[in-house]
Amino acid sequence: MIVRIHSNPTFSVGTMLSCLFLWTGLATAQTATVQGRVTNATDHAALEGVTITNLSMPVAARTDKKGNFNIRANAGDRLKVSLLGFKTIEIAVPSTGNLQIALNEESRQIDEVVVTALGIKRQTRGLTYATQQLDGVQSMMSTTTVATY
């Protein structure tokens, strides 16, 4: 006994295309570009070179001279905002709107500074012209000779 299944090829292709477009639309709708500006909390000056890292995905951005940035993120993702000399903060991405971030300066007292020359050795350099090395006695003799000359 042979069983034949009749199918409508137009329906199958149409269904597959609809699913493909729906899946593509959902995938692109989830990740959006978030825009924002980072300023100094004390004088509201724009901060350049601030690093904004999305902790949910491997994406990071830096602010420009005006403190503006763009980063890919979903609503609810955590962003880490950091700059040397300022307190690092983490914020949640809102569902709408631009981010306005103000960083507070971080001051740390340094107790002491230790400078070492560990591993540095003085080396005699070779010169491309003729030189003569004098000790202290020879240099005194040459000044005496020059003085009596």
Side-chain angles (χ1 to χ4, degrees), residues 1-140:
M1 172 164 59
I2 298 175
V3 178
R4 292 186 180 177
I5 300 173
H6 295 283
S7 65
N8 184 350
T10 306
F11 177 75
S12 298
V13 172
T15 304
M16 289 187 339
L17 285 176
S18 296
C19 290
L20 179 67
F21 287 126
L22 179 65
W23 180 78
T24 304
L26 288 174
T28 58
Q30 289 178 354
T31 303
T33 300
V34 176
Q35 299 177 346
R37 185 167 189 253
V38 182
T39 58
N40 187 336
T42 56
D43 61 0
H44 305 291
L47 294 176
E48 179 182 5
V50 178
T51 302
I52 298 96
T53 307
N54 188 336
L55 300 176
S56 302
M57 59 179 75
V59 179
R62 287 199 178 243
T63 57
D64 60 12
K65 290 182 180 183
K66 296 180 181 179
N68 299 320
F69 68 92
N70 296 319
I71 189 167
R72 288 184 326 154
N74 300 322
D77 283 357
R78 303 286 300 165
L79 298 180
K80 182 171 115 177
V81 183
S82 61
L83 178 64
L84 186 64
F86 290 85
K87 291 182 181 177
T88 299
I89 62 170
E90 287 187 19
I91 58 170
V93 176
S95 57
T96 58
N98 290 343
L99 292 173
Q100 298 297 322
I101 304 168
L103 292 181
N104 292 313
E105 292 183 20
E106 179 178 45
S107 61
R108 292 185 181 173
Q109 187 71 21
I110 298 176
D111 293 333
E112 63 182 65
V113 177
V114 178
V115 179
T116 64
L118 186 64
I120 298 175
K121 295 180 182 177
R122 186 171 185 210
Q123 296 176 352
T124 306
R125 304 273 182 203
L127 301 174
T128 57
Y129 53 89
T131 62
Q132 185 177 1
Q133 202 170 33
L134 301 174
D135 62 4
V137 174
Q138 289 176 336
S139 66
M140 290 178 82

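Excluded from the calculations below are hydrogen atoms, water molecules and symmetry mates; all remaining heavy atoms, backbone and side chain alike, are included.
The 12-atom threshold is exceeded at CZ of Arg78, counting heavy atoms of other residues, nucleotides or ligands nearer than 6.0 Å.
Here Lys87 contributes atom NZ and Glu105 contributes atom CD; the two are 10.5 Å apart, rounded to the nearest 0.5 Å. Once rounded to the nearest 0.5 Å, the distance linking CD1 of Ile52 with CD1 of Ile91 reads 8.5 Å. To the nearest 0.5 Å, atom CG of residue Leu55 and atom CG of residue Leu79 are 7.0 Å apart.
Val93 pairs with exactly one of Ile71, Val34, Asn74 by the side-chain contact (heavy atoms from CB on, under 4.5 Å) rule, that one being Val34.
Side-chain atoms of Leu99 and Arg37, non-hydrogen and from C-beta on, never get closer than 4.5 Å to each other. With contacts defined as side-chain heavy-atom distances shorter than 4.5 Å, the pair Phe69/Asp64 does not qualify. In this structure, the side chains of Ile101 and Thr39 stay at 4.5 Å or more apart for every pair of heavy atoms.
Put simply, the side chain of Arg62 gets close to the backbone of Gly49: a donor and an acceptor are under 3.5 Å apart. Thr63 places a side-chain N or O within 3.5 Å of a backbone atom of Val50 that can act as its donor or acceptor partner.
Listed by first then second residue, pairs satisfying side-chain hydrogen bond (donor to acceptor under 3.5 Å, both in side chains) with a partner in residues 50-60 read Asn54-Asp77, Ser56-Asp77, not counting sequence neighbours.
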Evaluate Thr88 against Lys80 for side-chain contact (heavy atoms from CB on, under 4.5 Å), listing each step before the verdict. CA-CA 7 Å; Thr88 299; Lys80 182 171 115 177; 3.7 Å; yes
Leu47 vs Leu103, test: side-chain contact (heavy atoms from CB on, under 4.5 Å). Steps then yes/no. CA-CA 9 Å; Leu47 294 176; Leu103 292 181; 4.1 Å; yes
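Residues Gln35 and Asn68 have side chains that never bring a donor and an acceptor to within less than 3.5 angstrom of each other.
Nearest heavy-atom pair, Ser95 versus Ala75, reported as atom, atom and distance to 0.1 Å: CA-CB, 3.8 Å.
For Glu106, the salt bridge (Lys or Arg N to Asp or Glu O under 4.0 Å) test picks out Arg108, with sequence neighbours left out.
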